[in-house]
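Values in this document were obtained by computation on a predicted structure and should not be read as measured data. Convention: sequence-line order gives letters A, B, ...; per-chain numbering from 1. Hydrogens, waters and symmetry mates are skipped; everything else that's a heavy atom, side chains included, is used.
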2 protein chains.
Amino acid sequence: MATSAQIIDIGQEYIQKVGFHAFSYRDIAKRVGIRTASIHYHFPTKADLAMAIVERVREATSAAIADIDASARSAGERLRRYCGLFLRTWGQGDRLCPMCMLAMGQDAIPEEVRSGVRDFWQSGESWVAQTVRDGQASGEFRPDLDPRTVGRTFVAAMEGAMVAARAFTDRTRIEDVIDHLIDSVTARRTGGATAV
Amino acid sequence: MATSAQIIDIGQEYIQKVGFHAFSYRDIAKRVGIRTASIHYHFPTKADLAMAIVERVREATSAAIADIDASARSAGERLRRYCGLFLRTWGQGDRLCPMCMLAMGQDAIPEEVRSGVRDFWQSGESWVAQTVRDGQASGEFRPDLDPRTVGRTFVAAMEGAMVAARAFTDRTRIEDVIDHLIDSVTARRTGGATAV
DNA sequence: GTTTATCTATCTATTGGTAGGTAGTTTACA
DNA sequence: TGTAAACTACCTACCAATAGATAGATAAAC
């Protein structure tokens with residue numbers, strides 16, 4: 001594999017496992033088998049490396065969401081599969097969402113990086129909100145929900161669930177949250193009358 | 001104020017704003033107006049300082065929850081006020097939950113500290129679960145909810161909402177999540193029949 | 001006169017980053 | 001086609017700054 005791709009891979013792993021400030025170029029260099037100066041050749045500053053990672057993650061996420069849009073047959077399935085993306089990330093060696101790790105740092109993280117994180121986050125919220133609208137139109141979801149609020153809750157809850165999974169090394173922390181989130185949007189028919 | 005209390009205050013602020021690995025004893029020393037050696041006198045290692053902070057936060061949280069239990073008049077009010085604790089933390093200068101910041105670090109955070117974080121997290125989940133049971137008994141909340149699942153979702157969603165608030169410097173990210181969470185447990189009467 | 005809390009001075013290790021050099025490969029063009 | 005220039009991807013060696021931490025002196029408080 002190309003060296004720069006290896007550097008990005010390992011850098012991303014470190015960000016997901018310990019965060020931006022808890023690893024060094026030396027850590028990456030050791031694992032790739034090169035010197036730190038060679039990493040600076042590919043990524044002049046640590047911020048440059050973070051940016052490359054943010055861009056790659058955003059591309060991968062966009063692709064995954066496009067795939068969901070292309071193949072899911074209902075709004076409910078789309079939401080479930082979106083949540084499944086977080087579960088998949090966790091499955092790759094107990095890793096957290098890299099964007100979440102980069103979101104917490106305030107001015108300790110380069111502004112350029114944080115801007116990319118915001119774009120990632122907001123596009124997730126918007127996609128969920130649109131999916132909620134679709135599900136409301138089809139009668140799958142509760143008609144009284146505010147799509148924007150639900151979008152924000154889904155992203156926040158999934159990111160938080162990842163942190164919980166990390167704290168307890170427990171995948172069910174993520175699964176439980178998914179269950180309640182899906183349940184919270186699903187239309188229920190009580191007393192024989194449909195809510196629409 | 002006692003120096004050690006000042007050190008804890010400022011250390012906690014740093015943990016909440018940039019995380020455990022993005023500040024140093026030097027940063028604290030400058031703000032307190034002492035030398036780093038004096039901080040080592042009070043807290044021999046950085047892990048010791050983190051532990052002191054974790055213990056103080058847990059005590060404060062226990063007290064706040066005891067206050068809620070003593071004065072809230074319904075399960076719904078209790079949940080709302082629990083969520084309000086996160087909002088209050090954010091209000092103290094855009095700070096995140098210190099426990100969340102310490103939860104993400106994996107082996108980069110001392111195990112002793114992470115153990116304290118787990119206790120904090122789990123006690124929040126359990127308290128919410130018990131409150132859900134109370135609300136179900138009184139008819140306020142949906143009877144079909146699994147209290148444990150809801151407890152986990154509340155804590156995860158609130159912690160995630162804090163991260164979102166940080167990413168966007170936007171308090172409404174937290175408020176929206178609270179609204180949907182409360183809505184998700186509230187019993188609804190549709191078609192004229194009560195769900196119980 | 002012992003304890004408490006601070007200081008100065010220093011330590012070792014590591015941080016992100018730079019300077020300058022060098023094999024090996026590719027490109028330009030006479 | 002031969003060769004010189006340029007480029008790629010790495011290296012060694014180094015830098016100033018900072019990290020967390022320690023030793024020993026000192027001055028005030030009890």
Side-chain angles (χ1 to χ4, degrees), chain A residues 1-54 56 98 101-102 104-114 116, chain B residues 1-54 56 98 101-102 104-114 116:
Chain A
M1 182 174 19
T3 303
S4 68
Q6 272 188 77
I7 294 168
I8 290 182
D9 275 352
I10 294 172
Q12 183 178 330
E13 184 186 327
Y14 272 118
I15 287 178
Q16 293 182 261
K17 289 191 172 173
V18 297
F20 183 71
H21 294 288
F23 75 95
S24 68
Y25 268 26
R26 182 174 304 194
D27 295 321
I28 297 179
K30 267 185 205 151
R31 290 197 33 199
V32 176
I34 56 177
R35 302 303 166 124
T36 61
S38 306
I39 301 180
H40 281 286
Y41 168 76
H42 294 282
F43 305 98
T45 71
K46 213 180 168 188
D48 292 323
L49 174 58
M51 268 316 292
I53 291 168
V54 164
R56 202 182 61 161
M101 297 298 282
L102 291 169
M104 339 199 74
Q106 205 176 245
D107 39 286
I109 302 279
E111 165 54 28
E112 188 193 19
V113 171
R114 282 161 50 218
Chain B
M1 182 174 20
T3 303
S4 68
Q6 273 187 76
I7 295 168
I8 289 183
D9 275 352
I10 295 173
Q12 182 177 330
E13 184 186 326
Y14 273 118
I15 286 179
Q16 293 181 261
K17 289 192 172 171
V18 297
F20 184 71
H21 294 288
F23 75 96
S24 69
Y25 269 27
R26 182 175 304 195
D27 294 321
I28 298 179
K30 265 184 209 151
R31 290 197 33 197
V32 177
I34 56 177
R35 302 302 166 128
T36 60
S38 307
I39 302 179
H40 280 286
Y41 169 76
H42 293 283
F43 306 99
T45 71
K46 213 180 170 188
D48 292 323
L49 174 58
M51 267 315 293
I53 291 168
V54 164
R56 202 182 61 162
M101 297 298 281
L102 291 169
M104 339 199 74
Q106 206 177 242
D107 39 287
I109 302 279
E111 164 54 27
E112 189 192 19
V113 171
R114 282 160 50 218

Heavy atoms only: give me the nearest A:I109-A:L102 pair and the separation to one decimal. CG1-O, 3.8 Å
Please enumerate all residues that pass salt bridge (Lys or Arg N to Asp or Glu O under 4.0 Å) together with A:R56, with sequence neighbours excluded. A:D9
Scanning both residues in full, the closest heavy-atom pair of B:I8 with B:A52 reads CD1-CB, 3.9 Å
Salt bridge (Lys or Arg N to Asp or Glu O under 4.0 Å) filter on B:K17, not counting sequence neighbours, yields B:E13
Between B:H21 (side chain) and A:V18 (backbone), is there a donor-acceptor pair under 3.5 Å? no
Nucleotides 25-30 of chain D: protein proximity per nucleotide (B base, S sugar-phosphate only, - neither; heavy atom, under 4.0 Å): ------
Phosphate contact (D:dC10 OP1 or OP2) by A:Y41 side-chain N/O below 4.0 Å: no
Suppose the criterion is salt bridge (Lys or Arg N to Asp or Glu O under 4.0 Å): which pairs have a residue in residues 36-52 of chain B, not counting sequence neighbours? none
Contact summary for B:V113 and B:A50, nearest pair of heavy atoms: CG2-CB, 3.8 Å
Listed partners of A:Y25 passing ring-ring contact (aromatic ring centres under 6.0 Å, His included), at least two apart: A:H40
Counting primed atoms plus P, OP1 and OP2 as sugar-phosphate and everything else as base, spell out the protein contacts along nucleotides 15-22 of chain D at 4.0 Å heavy-atom distance: B, S or - for each nucleotide, 5' to 3'. ---SBSBB
Partner set under ring-ring contact (aromatic ring centres under 6.0 Å, His included) for B:F23, not counting sequence neighbours: B:Y14
Sequence neighbours left out, cut at 3.5 Å: what donor-acceptor pairs do the side chains of residues 32-39 of chain A make with other protein atoms?
none

Quick one: is D:dT12 close enough that its OP1 or OP2 comes under 4.0 Å of any side-chain N or O from A:R35? yes
Chain B contact limits on DNA chain C, taken 5' to 3' with a cut-off of 4.0 angstrom to heavy atoms: C:dT4 to C:dT8
